[in-house]
Each structure stands twice: as structure tokens, then as C-alpha cells.
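Worksheet for the structure shown next.
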Amino acid sequence: ALRMLEAATVILDLRMGPFFPVHNVMRHFLDHATPITTDYCHVAAMYESVHYLLDRVAALEGGSPAKAANLAYWQSRLSFATNALNAVRFLQEAGVALADKDPTERQHGIALAEQAVAHFRTALKAMAEHVRDDSDRGALAAYNCFLLRVVVQDIDAVRAGGRPSCHAP
């Protein structure tokens, strides 16, 4: 399962661009009217498969408490990843809809972006359930800022009749 996860992560980094908590990383998806790629679908499916496998291992009886805690940690990371990938899918679809001049399509884009926010919130909650150290706390804070807060601000700007801040002059 972990080899599969590693392969999916390499594909994600090489084919789809980095998915790191840096400034404007999610605005890129919202700003560019780019449809979902096949690569993305394969990577998401691989992450979901690994998540399923870890859930199956967790359901088995036995094992030490230390191993169970480690497994729970990785399950939370996979839950984070699968929800974040779903959020990116909704953002990509929102970007396409928001690029349209039709008000109905733009409303649809806002609804899709709100679904992305819901997935980001679920992802962050999953990650927060199993924080091990300051590195995890830092990642959680960065993801909260760059995955969630920025997208919420952009949705608010679009709702107010403006453009996302990534479009600002």
C-alpha cells in the first residue's frame, strides 16, 4: 500500500505540479479554466485505493497499540489527501464555470468552489485528529491558510460581484 502511495505521489508531483501549501497554490486551480485531466483521476483513484487498504488493515484484530497509532496517523493523512484531491477537482470545475460570462454558470462555479471548501475542511479535520509534532502543526496551519482561507476569500469576492483576488490588477 505504501509503495502505491509513493507512486501516486510521484505522479502527482511530476505530472500535475506540486501540491504544497504555498501562496496561491489553490488560486491557480480556481483561476485557470482547465478541465480535469486523466492523470488527476488516476492519482485520486490510487490515493483512494491506498486509503481503502489501510482501512482494511485497521479492521483486522490484534497488533500493538503503537502500530495501531501509526496506522491511524497514516489513515488520517490519506483521508486528508483524498479530501484535498476532491477539493482540487471541484476547484478546477469551478474555474471553468467562473470563466464563463453567463451568470448561471458563475453561480454554478461558486457552488462548486463551496464544495471544494467543504472538502478542504474535512481534510483539515482529518489531519488535525492525529498531529504528532510541530511539523504536523505547521503543515496544518499552512494548509488552513493556503488551501482554505484563500479559497473562501476568493469565493466571497466573486459573490460580491468582483473577481477573485488572483485576478486583481
Side-chain angles (χ1 to χ4, degrees), residues 1 4-55 74-128 138-169:
M4 197 168 153
L5 177 61
E6 185 178 335
T9 302
V10 168
I11 294 168
L12 181 65
D13 287 346
L14 294 176
R15 299 284 294 144
M16 297 169 52
F19 188 55
F20 301 111
V22 294
H23 185 64
N24 286 337
V25 70
M26 290 300 110
R27 284 185 175 146
H28 169 80
F29 295 111
L30 194 56
D31 188 31
H32 294 85
T34 308
I36 304 300
T37 64
T38 304
D39 296 347
Y40 173 87
C41 295
H42 288 296
V43 168
M46 289 171 77
Y47 270 83
E48 288 172 6
S49 294
V50 173
H51 192 210
Y52 170 79
L53 289 172
L54 291 183
D55 286 347
W74 285 106
Q75 284 177 287
S76 75
R77 292 306 172 269
L78 264 296
S79 181
F80 168 82
T82 55
N83 277 288
L85 285 168
N86 283 328
V88 168
R89 178 177 53 88
F90 281 113
L91 280 184
Q92 286 178 306
E93 292 174 7
V96 171
L98 290 172
D100 199 303
K101 301 288 185 210
D102 179 46
T104 304
E105 266 309 295
R106 291 183 56 76
Q107 279 304 117
H108 179 62
I110 290 170
L112 289 168
E114 288 171 342
Q115 287 179 307
V117 166
H119 278 283
F120 281 139
R121 284 195 173 110
T122 301
L124 292 171
K125 286 177 185 174
M127 185 181 210
L140 190 58
Y143 282 125
N144 184 59
C145 179
F146 298 126
L147 297 184
L148 184 61
R149 191 178 338 157
V150 167
V151 174
V152 169
Q153 289 170 350
D154 284 347
I155 294 170
D156 289 344
V158 171
R159 232 189 243 112
R163 297 171 57 137
S165 52
C166 54
H167 293 284

Considering non-hydrogen atoms only, spot the tightest contact between [X] and [Y] and give its length.
X	Y	result
Ala126	Ser76	O-CB, 3.2 Å
Ala94	Ala113	CB-N, 3.7 Å
Arg77	Met127	NH1-O, 3.4 Å

| query | Quick one: side-chain hydrogen bond (donor to acceptor under 3.5 Å, both in side chains) partners of Gln115, sequence neighbours excluded? | reply |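 Partners of Gln115 under the side-chain hydrogen bond (donor to acceptor under 3.5 Å, both in side chains) test: none.
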In Å and rounded to the nearest 0.5 Å, what is the [atom1] to [atom2] distance from [X] to [Y]?
X	Y	atom1	atom2	result
Arg121	Asn144	CZ	CG	9.0 Å
Asp154	Ile110	CG	CD1	11.5 Å
Phe120	Leu148	CZ	CG	8.0 Å
Gln75	His51	CD	NE2	6.0 Å
Asp100	Gln107	CG	CD	12.5 Å

| request: Test side chain to side chain contact (heavy atoms under 4.5 Å, CB included) on Gln92 and Val96 and set out the steps. | output: CA-CA 7 Å; Gln92 286 178 306; Val96 171; over 6 Å; no
| task | Could you pull out all residues at least two apart from Asp156 that satisfy salt bridge (Lys or Arg N to Asp or Glu O under 4.0 Å)? | result |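 Asp156 satisfies salt bridge (Lys or Arg N to Asp or Glu O under 4.0 Å) with Arg159 once adjacent residues are dropped.
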Would you give me the side-chain donor-acceptor pairs under 3.5 Å for residues 81-91, sequence neighbours excluded?
from	atom 1	to	atom 2	distance (Å)
Thr82	OG1	Leu78	O	3.0
Thr82	OG1	Ser79	O	3.2
Asn83	OD1	His119	ND1	3.2
Asn83	ND2	Ser79	O	2.9
Asn86	ND2	Thr82	O	3.2

